[in-house]
There are 2 protein chains.
Amino acid sequence: MNPTPNPQRRSEKSHRAILDAAMELCVEHGYGNVTVEAIAARAGVSKKTIYRWWPTKGAVVLEAFVELAGTATRFPDTGDVVADLRTQMTAVLANILSGPRASVYAGIIAETQHDPALARELRAQLLDPRVAAARDRLRLARDHGQLAPDADVEMVVDLLYGPLYYRLLLHLGPYPPARLRAHVAHVLGSFAPAPPASAAP
Amino acid sequence: MNPTPNPQRRSEKSHRAILDAAMELCVEHGYGNVTVEAIAARAGVSKKTIYRWWPTKGAVVLEAFVELAGTATRFPDTGDVVADLRTQMTAVLANILSGPRASVYAGIIAETQHDPALARELRAQLLDPRVAAARDRLRLARDHGQLAPDADVEMVVDLLYGPLYYRLLLHLGPYPPARLRAHVAHVLGSFAPAPPASAAP
DNA sequence: AGGAAACGGCACGTGTCGTGTTGACAGTGC
DNA sequence: GCACTGTCAACACGACACGTGCCGTTTCCT
């Protein structure tokens, strides 16, 4: 079933051509209208070669996406949480959650709804590392007194990123940068440490 | 192309059987593993009959879902926004965003990523009315002084519902009821009117 | 009562999938 | 320098679901 081909003998040229062709075709025609045959044709590659290294079309496009997204979504640390989160989320919005690649990303997420293996890959390669990094950055801010000591970082991440995905996947319109600024400011402000001595339930 | 069949002559028996069969099969085998042929077979109906009244499988399942969801997602008005929102969102979570029907709903949303017509139907029949109702309820609360006068109700809705869809569609685990309570309380608390005379940017 | 129209049953052409087979080619080891 | 091993492109194939067309039958409005 799975002869596990030898990665050392893999043609890096074909590998690159396949990833490039997959991303190009998805941007041009939309994720759902791209077939494995079309990717193979554009890459000048046999369909068999694609199936040798990836289980499905979704896995191919996911790898192309991970590669693309991996570069521009790190969390800076200038000492100001609000500014740093705003910087990172602006980059995420610009590169992934809006523009021509947003619908491709949405297509991958759609595919994970009926492909558990792809869902695991999406989490393992894209989501989990970034969520962990976001939590780390928020914990750091909490330790430095920029967030309330009892702030639930998991809830913070949900509140920061949830609405972005919600609007993307439910076609509720884009998230303009100005709105993103207000969004980040409000969420983090709602977890600010109490200035003197008072608490609101 | 579209002879627009006469709704008055429609067989209500077949109509019901199709919707029931569609929902049953989706819950049993998962949205993605259900075919129009299977729905027709289970309903004791010709495939042609389904295609006469719906353009795609997604439209059939969406109608079944709208019918099911329409009953238990109204916004009560007891005077207490926090309690009312918690009540409504608990119902949404119990009936739609968790349990056996959650993955069916996720499957429909997935399909909208490459079916613009279905996306419009989803918004028109499910999302827009409920979002509008939520905004109305929040504006009422704002008028009654339970929310800050400058509270952005659109942002409130995004913060309330965004994380729920985010966790569903990205397979980040369910939203336990206790967490939902804390979530609603925090979000609405973050828009509470300032008690004496102070403002936090 | 009559006729139009929706109905169930069936068969068909299409497109995509994922696999199988073949012969050409490139890297490694003796 | 030569055989070996495994990847490569090319093509063919069966399986499956889609969406449509045609049939004779049944249902319901006028």
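Reminder, nothing fancy here: chain letters follow the sequence lines and each chain counts from 1. Hydrogens, waters and symmetry mates are skipped; everything else that's a heavy atom, side chains included, is used. For clarity, every value in this text was computed on a predicted model and none was experimentally measured.
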Between protein and nucleic acid, restricted to nucleotides 26-29 of chain D and to nitrogen or oxygen atoms under 3.5 Å apart, what atom pairs and distances do you find?
residue : atom : partner : partner atom : Å
D:dT27  : O2   : B:Arg9  : NH2          : 2.9
D:dC28  : O2   : B:Arg9  : NH2          : 3.3

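- Note: CH2 (A:Trp53) to P (D:dG6) measures 12 Å, nearest angstrom.
- Taking the charged nitrogens against the carboxylate oxygens, B:Glu37 and B:Arg42 have no contact shorter than 4.0 Å, which rules out a salt bridge.
- Between B:Trp54 and D:dG19, a side-chain N or O to OP1/OP2 separation shorter than 4.0 Å is absent.
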Using the 3.5 Å cut-off, write out each protein N or O paired with an N or O of nucleotides 9-15 of chain D and the distance between them.
residue : atom : partner : partner atom : Å
D:dA9   : OP1  : A:Gly44 : O            : 3.2
D:dA9   : OP2  : A:Ser46 : N            : 3.2
D:dA9   : OP2  : A:Thr49 : OG1          : 2.7
D:dA10  : N7   : A:Ser46 : OG           : 3.4

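- For B:Lys57 and B:Tyr31, the positive end sits near the middle of the six-membered ring, less than 6.0 Å away and at most 45° from its axis.
- Counting to the nearest Å, the P atom of C:dG15 and the CG atom of A:Asn33 are 14 Å from each other.
- Checking side-chain atoms of A:Gln146 against main-chain N and O of A:Val81 turns up a donor-acceptor pair under 3.5 Å.
- Comparing A:Tyr51 and B:Glu12, the nucleotide of DNA chain C nearest to each residue sits closer to the 5' end for B:Glu12.
- In summary, the side chains of A:Glu63 and A:His15 do present a donor paired with an acceptor at a separation below 3.5 Å, with no hydrogens or angles considered.
- Going from atom CD1 of A:Ile39 over to atom C1' of C:dC17 covers 13 Å, rounded to whole Å.
- Distance B:Arg42 CZ to C:dG8 P: 17 Å, rounded to the nearest Å.
- Atom-to-atom, CD1 of A:Ile18 to P of D:dT7 comes out at 14 Å; the value is rounded to the nearest Å.
- When every heavy atom of A:Arg142 is checked against every heavy atom of A:Ala151, the shortest pair comes out as NH1-O, 2.8 Å.
- Ring pair B:Tyr166/A:Tyr166: centre-to-centre distance not below 6.0 Å.
- Note that CG of A:Leu169 and CG of B:Leu170 are 7.0 Å apart. Values are rounded to the nearest 0.5 Å.
- Within the cation-pi definition used here (under 6.0 Å to the ring centroid, within 45° of the axis), B:Arg9 does not qualify as a partner of B:Trp53.
- In this structure, CD1 of B:Ile50 is placed 14 Å from P of D:dA17, rounded to the nearest angstrom.
- Aromatic rings of B:Tyr105 and B:Phe65 (six-membered ring for Trp) have centroids within the 6.0 Å cut-off, being under it.
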